[in-house]
Amino acid sequence: MTLALATPDSFPAFPYNPPYSIQTDLMRHLYTAIEQRKVTIVESPTGTGKTLSLLCAGLTWLNDEKNRARKGRLDSMAGTGDSKEPQWVIDQTRERHQRELEDEENERKERLEKARKRERELKKRAKFHKKPRLSTKPRDEVEENEDDYLPESDTGEDEEDNLSPAVRALMARMNADPSRDAEEPTCTKIYYASRTHSQLTQVLPELKRLKLSVVSQDIHSEEDACTNGVKRKAEDEEEEQKACHTNTVALGSRKHLCINDELRTKSKDLDEACRELLGEKGEKRCPHLPPIEEEFRMIDFRDQILATPKDIEDLATAGRLSDICPYFGSRRAIPQAELVTLPYNLLLQKSSREALGIDLTNQIVIIDEAHNLISTLLSLSTVRVSLSTLRLSLQQVSIYVMKFRNRLSAQHLLHLQRLTAFLDSLQKYLAEWKVNFKGKGSERSEVISASELMERLGKKAKGINMLAVEKYLKSSKIARKISGYADKQAEKVADEKSKRSIRKGAVPPLHAVEDLMLALAGATDDGRVILSLIGKEEIEIKYQLLNPSPHFKDVVEEARAVILAGGTMSPISDVINQLFSYLPSERISNFSCGHIIPPSNLLTMALTKGPKGGELEYKAGKQSDPQVIAELGQIILNFTHLVPAGMIVFFPSYNFLNTAKEAWRSTGVLDKFGAKKKVFFEPEDNTAVESTLQEYTAAIQCENKPKGGGGGALLFAVIGAKLSEGLNFKDELARAVVIAGMPFANLGSPELKERLKYVKRLEENGKANGTRVVGKGKDAAAELYENMCMNAVNQSIGRAIRHQGDWASLILLDRRYSTGIRSKLPKWIGDDLKVAQSFGQAVKEMGAFYRSKK
């Protein structure tokens, strides 16, 4: 029986001694959740050391687990337990195996140390020598061979069945599948995911701060490894640094890691172009991918990746220095890595995990910035195809079949005829739908089920086995072949400008069709087809899941433990309801900690009444009322007298903000704002965000205080838009965050309507079947609608307090924040929320707060 790991009382690996009590509580919670194989939801505000705590707890458990596994392996080798051998024989056998394990560990350390030295030499050389650029022969100069456009297989079977042994070996090697290489050592690991690569770059600096010792404890002390936390054993600082190394690899897409400049310049679909090069030979082969006979180069590069932690940019640089593909090199490093960082999409999509050789079985999954998880899962399940894309796909398939009809087998022709029939039926139906659709008022879309769509397409399309056609598309790679042939023909007749647009165009249209066919083939009651008018002419067909849970279920069922972490995860019940309703309650835990700032550094207040005594409520119907807008302007103007430095006001929508902006401009209120603080508005153009933030920061830093004013700057932004999450408005950048109203989603959205109907039906079925229903007492649709609103509010609120010494006021302008919905604010905010019953009381509270900070 495996001895359980006891949760440690302290974490010596934590770099700051002593940690805050909430950090220790958080790490203990995480350690326990991992050991007990739980799914846990963690809410830890920015500034509380969330990333550091996640890494420390996870890697501490990993180190203890390594010692437990080593002890179990020694016991197994020595025959401890029911062995009838004399004790001295068992002891000698154990010692021998212990030496073998130590030799393995020392050999690994020596190998990584050599890799570190090799990397240092490469960097030195790169400073003094310009590396000659290796490139393939320009693809345009390679003689065209029409056989390149023929399908990969005649049978529609697995694509590897018809590849040469050499290419199959290469693909097997690059897939980094441990089962294909018996000598490739593997280890338990942490998969650490976040939304973007820029967020993941923040993980490595935190990792380097940890004082984890990967040197195993004395294996003879059998219980110590299973009852205590990590014990420091390094004798001096230099040895300690060697011991504290954690094998880490960053995973990314070819877009971030490909170092073949020729391919990047010319390929419109980098993934497909790279896959094509895998089977090429001679000059057409990618020069950055070592041939099988030079396997040692890839192994050396793998060790170089593991030797020192690298973020995605470091990895690309290392690949250029070594002249070896970092995309495939990182995949090769996965089995021996203890920490794997990767963006959401590579973790959440099963196809991406399989392509990278990621096996989550019994591993730890940490998803940071997890407040985006549900929306990301729904987005990943969404497939869009326009009518113009369908027509282009049909045209390309028809031309291809006419050209190669006599060279295609009967099986190929059959599959392509089915594909043509489906494309023809779908594009005709969408064209007819555009003519016949009678939307009510401004309604421009219709929602139907997948089965209803197939019925509408007619008998010809309904009889097609969608799964068989989709499987054929994948196995034969016909989409790439057809698109490649179509592009080549277009280039022959196009001018230079058209050629450039062809090369830099979108992904082959048939790939989008392929995704749609797969979605329709596997459609369930969780999915809907949405037909929409886009602009004046275009029509779009979209398949969307209403339930985010299925895409995430594989991750939960395979992994040992899953940790969802974020600064604001509230309402936590909503996360459980949408993602984990099928799990027994004992498998789920959650942790919500307070902030590390003292209570005196935060004023959180809900304002229910305006200066005139009327109730504040910014519902959609009141957002264009001149009197409501005028009163809101007066409230903000009063606040500018009180708030020093930076002040941010969040609106529920661009429409409300723009309406208020125009009204204030015409009445002179904007000029009054400007007399107190320099005024900025969130730009609707992404490219202007950075410059707006720089100007806003500069205005605050200048502290050009007008006479009698608060000085600094006033920034108007939109909840859920570009400035509401992921940005750091610390210290003087945000001494107040004001939320004007509540950002309830548009109930006119067909997708939202269907989703609300769906969760209500699930609730009714759950009650009828007697299964667990989370969040009893309120209609499930109303609960979801409310939760979506508060999740967005919580993200905006979290922009202000960013570290222990920070301080600010958080003002909620709407009487509804004083009702039961306040329970859905983060714990560190909701517990101390004050409700001002009059505007005078609010001004008095704010005045006292800011005077205390002077």
Side-chain angles (χ1 to χ4, degrees), residues 607-685 688-689 691-719 721 723 729 732-741 796 809 811-815 836 838-840 842-844 846-847 850:
L607 184 53
T608 61
K609 293 183 179 180
K612 296 179 180 180
E615 285 195 333
L616 295 179
E617 189 174 71
Y618 299 105
K619 289 185 176 180
K622 296 182 179 181
Q623 292 176 7
S624 57
D625 186 327
Q627 291 184 340
V628 170
I629 293 173
E631 185 178 43
L632 176 58
Q634 186 61 47
I635 292 171
I636 294 170
L637 184 59
N638 274 278
F639 289 170
T640 62
H641 287 267
L642 301 169
V643 180
M647 174 176 162
I648 305 174
V649 180
F650 281 103
F651 278 69
S653 66
Y654 276 112
N655 188 48
F656 187 14
L657 174 57
N658 291 333
T659 301
K661 180 180 177 181
E662 290 307 311
W664 292 337
R665 177 176 284 127
S666 64
T667 58
V669 174
L670 269 187
D671 293 333
K672 293 180 180 179
F673 291 158
K676 300 297 179 183
K677 294 179 181 290
K678 190 168 183 180
V679 180
F680 297 89
F681 289 89
E682 176 173 324
E684 296 192 34
D685 183 359
V689 171
S691 60
T692 301
L693 289 175
Q694 288 175 357
E695 291 173 19
Y696 172 73
T697 303
I700 292 169
Q701 291 172 344
C702 286
E703 283 294 339
N704 182 19
K705 298 183 179 181
K707 185 178 179 181
L714 171 62
L715 175 61
F716 290 99
V718 176
I719 298 171
L723 304 181
F729 290 103
E732 298 295 297
L733 296 183
R735 288 309 185 195
V737 171
V738 180
I739 307 290
S796 297
S809 64
I811 311 298
L812 307 173
L813 298 181
D814 200 300
R815 68 155 193 88
S838 69
F839 186 71
V843 171
K844 185 178 178 182
M846 290 178 68
Y850 287 111

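As the structure is a prediction and not an experimental result, all values here were calculated from the model.
Phe729 has its side chain out of reach of Val737: every pair of non-hydrogen atoms, C-beta onward, lies at least 4.5 Å apart. For the pair Leu607/Leu616, a side-chain contact is recorded, criterion being any heavy-atom separation below 4.5 Å from C-beta on. Looking at Phe656 and Leu632, their side chains come closer than 4.5 Å, going by heavy atoms from C-beta outward. Between Val718 and Glu684, every side-chain heavy-atom pair lies at or beyond the 4.5 Å cut-off. Put simply, the side chain of Ile629 does not reach to within 4.5 Å of the side chain of Thr667, judged on heavy atoms. Annotation: side chain of Leu714 is in contact with side chain of Ile636 (closest heavy-atom distance under 4.5 Å).
The two residues Phe680 and Ala713 have their closest heavy-atom pair at CE1-CB, 3.9 Å. Nearest approach of Tyr850 to Ser809, heavy atoms of both residues: OH-OG, 2.6 Å. The nearest pair of heavy atoms linking Thr659 to Ser624 is CG2-CA, 4.2 Å. Closest non-hydrogen pair, Ala734 versus Ile648, comes out as CB-CD1, 4.0 Å. Closest heavy-atom contact between Ile700 and Ala645: CG2-CB, 4.0 Å. Annotation for Glu617 and Lys622: closest pair O-CD, 3.2 Å, computed over non-hydrogen atoms.
Atoms CD and CG, on Glu695 and Leu715 in that order, are 11.5 Å from each other to the nearest 0.5 Å. Separation of atoms CG (Asp814) and CD (Glu615) is listed at 9.5 Å; rounding is to 0.5 Å. Rounding to the nearest 0.5 angstrom, the gap separating the CD1 atom in Ile635 from the CD atom in Glu631 is 5.0 Å.
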For Met647 and Thr640, what are the C-alpha separation, side-chain angles and deciding distance, and is it a side-chain contact (heavy atoms from CB on, under 4.5 Å)?
CA-CA 8 Å; Met647 174 176 162; Thr640 62; 4.3 Å; yes
Could you check Leu693 against Leu723 for side-chain contact (heavy atoms from CB on, under 4.5 Å), going step by step and ending with a plain yes or no?
CA-CA 9 Å; Leu693 289 175; Leu723 304 181; 3.9 Å; yes
Hey, mind stepping through Phe673 and Val649 against side-chain contact (heavy atoms from CB on, under 4.5 Å) and telling me if it holds?
CA-CA 12 Å; Phe673 291 158; Val649 180; over 6 Å; no
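At distances below 3.5 Å, not a single donor-acceptor pair connects side-chain atoms of Thr608 with backbone N or O atoms of Ser838. Checked by atom type and distance alone, the side chain of Lys677 pairs as donor or acceptor with a backbone atom of Val643 at under 3.5 Å. Side-chain atoms of Tyr618 never come within 3.5 Å of backbone atoms of Val628 as a donor-acceptor pair (strictly under, hydrogens ignored).
Using cut-offs of 30° and 60° on the angle between ring planes, the pair Phe839 and Phe639 is parallel. Between Phe651 and Trp664, the ring planes are perpendicular. Angles over 60° get that label, and only those under 30° would be called parallel.
Relative to the ring axis of Phe681, Lys661 places its NZ or CZ within 45° and under 6.0 Å from the centre.
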